[in-house]
Amino acid sequence: MGAVTDDEVIRKRLLIDGDGAGDDRKINVLLKSFTKWCNSPGTPEEGFMQYQRMLGTLAQCEFSMGKTLMVYDMNLREMENYEKIYSNIEQNIMSAHEKIAECKKEIQRAKRIRKNRQEYDALAKVIQQHPDRHETLKQLEALDKELQQLSHIKENVDAKLELRKKQFHVLLSTIQELQQTLESEYFLLSVAVEQTNL
Amino acid sequence: MGPVELLHMSVFSQSFSPCGRFLAAGNNYGEIAVFSLSAALSPDATAANQKPVLTFTAHEGPVFSLLSTDVHLLSAGNGEISAWSWNELTKKNVKPLWTKRPNYKSSLEIPEINSMIINPRDNSLVVGGGDNNIHIMDLEHGVFKNILQGHSDYIHCVSVRDREAEILSGGEDGAVRMWGDDLVLVLFQSCARPQFGKWISCLTTDSDWMLCGGGPSLSLWHLRSLSPTSIFPLSGCQRQAAFYQDKILAVGEGAFVSHCLLGGEVKAQIPCTPQSLNTLQLNTNSTEHRVLTVGGSSDHIDVFTNLSYRAFSLSF
């Protein structure tokens, strides 16, 4: 267990140290200079300067630590942001799929409607070629009336013909009777004349 | 099959399997080739997938008509009809289930069968061919039960009106006959093109509307009133047409598929490989392989996944 965590620690340190270019080294150097400064016999100015230098190094370390913390925060927030965008995009994809399905159904419906419209148009064209129904009815009525009138006239003419036929018949038969009567009288007369001659 | 034979090959008929995954095509040498659509349409298809999975000689003469029922593939050859089981064909077993021959009057000449269709009302097979008659065969019992006579020349195409269960037939004599309760005859005046003749080679119906063409121009007729509503200005003679959604697809002379609107205008002409096309089929049996295939005077069958352009070609 200890070896594992040691490995982890070593790996992490090696990884991190790549970009710090010696943040760890700085802390080690600081520690060394601190111990040197505590044990240094030098003049107070030198000691003061070393002290200032150490404060400077400390400040640098604190600064880089603060920077790293901020970067860590920023990374966390970026991750959240990306998660949000990711789920957003997923939702959009789903709704786009649904919309596509809807549109496909719409297209089918529209095609059917268009087909029906074209069928209506085609039939309408054929119907337009035929004459209007009102006009045809009116023509039919007019023809009917004419037909009635003509048949009326025909009846009249027929009746007249019948009448004339009958009248002529009567005339002719009367004439014939008269002729017969006259002939028979003439015959009787001639017979009487012959008898008196004898 | 040598290169010369491939050059002279014509595809006359096509039919999709009931599951929609296979296409059977018949050519003028009497062979039927079965192509696997699912393999050819898959994203990792190779050139080998565009070859047939099975080719066999079905008849002596050209296979002019192919028809699929729920389990069978019916093929018409020189005067005889053979039935094959789709299941057996997918397992590469090429033994026909049965072969029947309609009763022809003279036994000397054997008329070819040009067109077959199923009448779903009484599950019968309607066959029209070179002897000027329509033979009706009951599919359950396998006997020819009726002969409709009336055409004075051979029959090119038959079709069935689903709702009224009437049979429509068009022939070389230029007449379209509707065989129902009372026989009706249709003749063509306005769309006649005397320079091509009066034969009717393509007939398809939508129960209320009928498309017919051939020698006369392709025209759309309203069947209730028997009046022509639109005439399509297509230059060649059309050999097959189909209603699809709101459009009409027609193939014939000319290396293209014509898309027309019901009103009579030609919307598009999509170019194809064969020089002239004989057959057009839409795969309505399957939702994921919804393609249009056309075949004609070439050994290539063009496949359209999107109606506006040719995707690829299957070849014999």
Side-chain angles (χ1 to χ4, degrees), chain A residues 79 82-148 150-151, chain B residues 161-163 186-191 204-213 217-234 241-250 258-268 282-284 286-288 290 292 305-308:
Chain A
M79 282 275 290
Y82 284 151
E83 289 278 341
K84 234 193 308 177
I85 293 180
Y86 182 71
S87 60
N88 211 9
I89 289 182
E90 266 199 5
Q91 261 185 359
N92 282 351
I93 288 180
M94 297 289 294
S95 63
H97 271 305
E98 280 169 26
K99 260 192 232 158
I100 285 180
E102 274 288 320
C103 285
K104 278 199 179 149
K105 265 191 264 181
E106 275 285 321
I107 268 197
Q108 290 299 327
R109 213 164 6 127
K111 278 195 176 158
R112 214 169 11 167
I113 289 178
R114 186 206 223 181
K115 180 175 186 194
N116 286 342
R117 274 213 200 111
Q118 287 182 334
E119 286 178 2
Y120 300 157
D121 277 339
L123 278 178
K125 245 196 297 182
V126 174
I127 289 174
Q128 288 286 62
Q129 290 170 354
H130 291 255
D132 202 3
R133 188 156 57 117
H134 289 297
E135 284 189 19
T136 325
L137 278 176
K138 266 193 250 169
Q139 280 182 4
L140 275 174
E141 275 183 27
L143 282 174
D144 256 339
K145 253 192 257 177
E146 231 183 280
L147 202 66
Q148 272 184 13
L150 289 174
S151 59
Chain B
R161 270 176 97 181
D162 293 321
R163 264 186 259 149
V186 171
L187 294 167
F188 303 86
Q189 316 284 33
S190 49
C191 38
T204 181
T205 180
D206 194 16
S207 263
D208 284 329
W209 301 81
M210 172 181 83
L211 272 176
C212 50
S217 322
L218 185 68
S219 49
L220 180 68
W221 291 68
H222 186 232
L223 281 176
R224 287 252 192 91
S225 59
L226 285 183
S227 52
T229 52
S230 333
I231 300 178
F232 298 96
L234 294 166
F243 288 97
Y244 180 63
Q245 290 177 350
D246 59 333
K247 286 198 287 265
I248 287 167
L249 309 169
S258 310
H259 293 217
C260 312
L261 292 178
L262 288 174
E265 28 174 306
V266 178
K267 214 173 77 149
L282 277 159
N283 189 7
T284 43
S286 146
T287 44
E288 68 255 17
R290 192 167 279 261
L292 167 76
T305 43
N306 175 337
L307 286 186
S308 313

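By convention in this document, chain letters (A, B, ...) are assigned in the order of the sequence lines, proteins followed by strands, and residues within each chain are numbered from 1. Just so you know, these numbers come straight off a predicted model, no measurement behind them.
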| message | Do B:I248 and B:F243 make a side-chain contact, defined as non-hydrogen atoms from C-beta onward lying under 4.5 Å apart? | response | yes
| said: Taking the side chain as everything from C-beta on, heavy atoms only, tell me whether B:C260 gets closer than 4.5 Å to B:L234. | reply: yes
| said: Donor-acceptor pair, distance only, cut-off 3.5 Å: does the side chain of B:T204 make one with the backbone of B:A242? | reply: no
| Side chains of B:L218 and B:L211 in contact at under 4.5 Å (non-hydrogen atoms) | yes
| query | Among residues 89-113 of chain A, which ones touch chain B with a heavy-atom distance under 4.5 Å? | reply | A:Q108, A:K111
| Contact check, side chains of B:L292 and B:Y244, non-hydrogen atoms, under 4.5 Å | no
| said: Measuring only between side-chain heavy atoms, which start at C-beta, is B:H222 closer than 4.5 Å to A:L123? | reply: yes
